[in-house]
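Letters go in sequence order (proteins before strands), and every chain restarts at 1.
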Amino acid sequence: VNARTPDDERLGQLLQAAQSGDADAYLLLLEEITPRVRRLILRRGLVRPEVEDLVQDVLLSVHVARASYDPGRPFLPWLAAIVRNRLADRARLYARRAAHEVLVDDLDVTFSDLVPNTPVEATGSATALTDAIRALPPGQRTAIELLKLNELSLKEAAAATGVSVGALKVATHRAMAALRRLLSVEDADGH
Amino acid sequence: MQMDTDGLIRSLADHVEPVRPLDRPWRRTAVWAAVAGLYLAGLIAVMSPRQDLGERMKEPLFVIEQAAALVTGLAAAAAAFATVVPGRRRSIALWSLAPLTVWIATVSLGAVREYAAAGEVPPGWRFDWACVGTILAGASLPALLMGVMLKRGAPLTPRLSAALGALAAAGLGNLGVCLFHPHSSNLIVLVWHCGTVLALAALAGAAGPQLLRWPPRRGALFSSNV
């Protein structure tokens with residue numbers, strides 16, 4: 001189990017030197033492990049900006065935990081354990097964020113327009129949107145205001161209104177459909 | 001704005017300082033147990049050993065019970081120290097399960113025997129808060145030391161590490177308490193001693209992510225966790 005490749009031994013020696021404060025050895029080690037870490041993370045299917053963010057997290061963790069490396073043990077399993085841990089942390093973070101998001105249909109009123117947006121038009125659209133929100137039934141208006149304008153989570157909005165999470169989801173979905181309808185009518189009217 | 005990876009690497013190398021590699025888990029366990037043992041010995045000396053200690057030490061069940069509590073504490077400590085070393089197997093946490101089972105089983109057996117002999121539940125067993133207080137006192141310094149030592153490692157499994165650390169500290173604290181604090185029945189030991197030790201481990205496990213975590217990005221460069 002503890003059989004070590006020459007590569008593993010060399011990296012282990014570099015970290016051992018870094019533990020003694022050798023900056024050159026540490027620089028060499030970090031430069032060598034960074035592409036390996038990046039490859040490990042890319043295998044999980046993450047996109048580029050996230051990959052670099054995670055690579056940096058791993059490098060910082062290696063830095064913080066470098067005293068925990070035992071020179072008598074293999075280096076790569078030590079590194080892989082840190083990578084796995086930071087990937088799991090990131091997955092938990094995404095799961096927590098996803099729990100606070102509301103999935104609704106995409107609004108295509110902006111990007112599928114034939115006429116490109118202009119600052120003037122953006123201001124006009126904002127006004128039209130405000131008017132359209134005001135025109136919504138009270139339940140749907142409250143749902144949009146809390147979830148979209150005030151960016152509350154579903155749980156927080158449910159606690160604030162006393163309405164169930166399911167009912168809020170339905171109200172939001174209907175409100176978005178109504179807004180799409182109202183705004184497209186205004187567009188057709190020449191705005 | 002976020003630093004690019006090459007810049008981060010240069011910065012980390014520029015800030016690298018010598019660190020003392022962590023000892024192996026069993027050596028760290030020995031150091032921790034020695035300090036905790038000295039503290040408990042002092043506590044026992046201050047509180048005076050219980051009057052019936054010599055007599056109780058002749059009872060095999062009592063000896064097995066205390067030995068199992070001691071081994072539980074040591075095994076949990078070794079497992080806790082192993083969990084903060086990347087690359088170590090997590091199954092190491094199972095080490096403490098066998099002595100813990102023996103400890104609880106011997107106490108339970110004693111309680112059943114007492115009940116069978118007396119034919120009733122011993123009076124006053126419900127309100128022995130003194131046991132909880134003395135276990136907390138006995139576990140306090142070992143727990144503090146354990147926390148400091150765990151923080152020098154990598155917080156890979158904060159819940160498990162904290163729970164094992166608390167089990168170790170409370171297990172040893174309980175052993176010290178049993179040597180100076182007399183109790184009238186095994187049921188009291190089962191409920192108040194074993195219960196307190198397990199509750200402390202559970203509480204520490206729940207608080208693990210707050211107690212043991214990676215430092216924030218900004219602080220990581222200059223972390224003294226090394």
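- Residues of residues 79-88 of chain A placed with any heavy atom under 4.5 Å of a heavy atom in chain B are listed by number as A:Ala81, A:Ile82, A:Asn85, A:Arg86.
- Minimum heavy-atom separation, A:Leu59 to B:Leu12: O-CD1, 3.9 Å.
- With respect to chain B, the highest number of heavy-atom pairs below 4.5 Å among A:Leu28, A:Asp89, A:Asp70, A:Asp22 belongs to A:Asp70.
- Here the closest non-hydrogen pair linking B:Arg10 and A:Leu27 is CA-CD1, 4.2 Å.
- Shown here for B:Thr5 and A:Arg38, the closest heavy-atom pair between the two residues is CG2-NH2, 4.1 Å.
- Rounding to the nearest 0.5 Å gives a distance of 7.5 Å between CG of B:Leu156 and OG of A:Ser68.
- Closest non-hydrogen pair, B:Val16 versus A:His63, comes out as CA-CE1, 4.3 Å.
- Interface with chain A: from residues 21-28 of chain B, residues B:Pro21, B:Leu22, B:Arg24 qualify, criterion being any non-hydrogen pair under 4.5 Å.
- Of the listed residues A:Ala23, A:Pro77, A:Ser61, the one with more heavy-atom pairs under 4.5 angstrom with chain B than any other is A:Ser61.
- Heavy-atom proximity under 4.5 angstrom to chain A picks out nothing from residues 168-178 of chain B.
- Atom CD1 of B:Ile9 sits about 10.0 Å away from atom OH of A:Tyr26, to the nearest 0.5 Å.
- Contact residues of residues 8-20 of chain A toward chain B are A:Ala18, A:Gln19, A:Ser20 (heavy-atom distance under 4.5 Å).
- The two residues A:Leu30 and B:Ala13 have their closest heavy-atom pair at CD1-N, 4.5 Å.
- Atoms CD and CG, on A:Glu52 and B:Asp4 in that order, are 9.0 Å from each other to the nearest 0.5 Å.
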